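Since the structure is predicted, the reported quantities are computational estimates derived from the model, not experimental observations. Computed over heavy atoms, backbone and side chain alike; hydrogens, waters and symmetry mates excluded.
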Amino acid sequence: MNRVRACLYLSVFVIMGLSDAVIPILPDLSGGDAMTQSMLFSAYFAGALVTMIPLGMLADRYGNPPFISLSIVLMLVSGVMLLYFDDPAILVAARFIEGCACSAFFPAAFSMLTRFKESRRYIGEINFLLNFGLAAGVGIAAVLMDYYLKGGILVFCILALPALVMSLSLKEACDPKTHDAALQASSQAPSQTATAPHVRLSTVLFDPQYMQMWIVSFVLFGGTGVLVAYFPSCTDLSPSLQGLALAGVYLGTMVTSLICGRLRITEKRMIRTGIVITSAGIVMTVFHPIGLTIMGAGSGFALVGLVTGVASLNLERGMTMGAFNTYTYAGFTVMPILAAAILGYLDYAGLFLVTGVAVMATLVFPLRALEG
């Protein structure tokens, strides 16, 4: 395997593993205080939301490899803080730094992977490892917490050390088969050098042709967040069966990430297929937990299609990847909050049906910015 891909694959596994290794022990870290527990959970997303676009723009300017190293360093700083401190304020700060590590990693990593000739396949593989890391983080932490409360955190901090060593020798070039036409075109375009960064960012964020993709990202992944957040409250399943059902989200995403990375269909069709499958899974969850697995399968399709589609735009990749990840995290953060307001008028079944319809409604966007 190419050294760049090996480094990125190990890095995404440990970064996402650490992010979820905290989840099973949140009640213990918070001392049973609901507000502290909420802050510990949300600080990660706050860190990612605030820094995703700025770090993506800096990666465009200074190159991607340093930001892979930075992400692992930030992850280790966060992990050490979580291991050695119990003060809630320090733990919240550690989770915020953890979100910053995520922001440093994803725009740079996706930008590097899109330079490969088989970029779609590799993006599918990194998405597989992303979800595998999330599942492993929860699983390992849950198994080890009876022996050492922060055992899961320690495991992923140790695994991060070889990833850091690999990242320090990382180079921008991937291999002789790489292609980077979009980057070359953008670097040769006079408007790119003549336009101020804030003007280019405004175009990326608010131009209608790009805004369609950001809305799809916000609603689709926010919809999955609603299901994950509220499924345990709407079911009579035992905690262990609930865990298995929720693990189906990761499983579905992992399987389709590998499959769709090898399909010969356009990014637009892949995204639209993901929308249909995701919305169907959300509605199916009203009747059976298998809907969670179907929903995860759809989100795997959509994510690979969106990432490869965004990479095909004639724009600075770090900035666009930062925008995509920002809207995705915003969806995960905001839509469950909106769902809480809707629950004042609907039951859980009604909430899930409304969420499924909202996801399906994004099919109205023609996604003309994407070719095919």
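Between atom OG1 of residue T285 and atom CG of residue L227 there is a gap of 4.5 Å, rounded to the nearest 0.5 Å. Atom OG1 of T273 sits about 9.0 Å away from atom CG of L263, to the nearest 0.5 Å. In this structure, OH in Y44 is found 12.5 Å from CZ in F96, a value given to the nearest 0.5 Å. Within the model, atoms CG of L8 and CG of L129 stand 10.5 Å from one another, a figure rounded to the nearest 0.5 Å.
Of the candidates T278, T253, T256, T253 is the only one forming a side-chain hydrogen bond (donor to acceptor under 3.5 Å, both in side chains) with S299.
Salt bridge status for K150 with D86: present, with a side-chain N to carboxylate O gap under 4.0 Å. The pair E316-R61 fails the salt-bridge criterion, with no side-chain N (NZ, NE, NH1 or NH2) lying under 4.0 Å from an Asp/Glu carboxylate O. A salt bridge links R262 with E125; the closest basic N to acidic carboxylate O contact falls under 4.0 Å.
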**Request:** Apply ring pair (Phe, Tyr, Trp, His ring centres under 6.0 Å) to the pair Y122 and F116, showing each step before the final yes or no.
**Result:** CA-CA 8 Å; Y122 300 150; F116 283 92; 5.2 Å; yes

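The aromatic ring centroids of Y230 and F352 lie 6.0 Å or more from each other. Remark: aromatic rings of Y250 and F132 are distant, center separation not under 6.0 Å.
The shortest heavy-atom contact between P107 and C102 is CD-O, 4.4 Å. When every heavy atom of R272 is checked against every heavy atom of P366, the shortest pair comes out as NH1-CA, 4.4 Å. Taking every heavy atom of both residues into account, A369 and L313 meet most closely at O-CD2, 3.5 Å. Between V4 and L170, the shortest heavy-atom contact is CA-CD1, 3.7 Å. Shown here for G309 and L370, the closest heavy-atom pair between the two residues is O-CD2, 3.4 Å.
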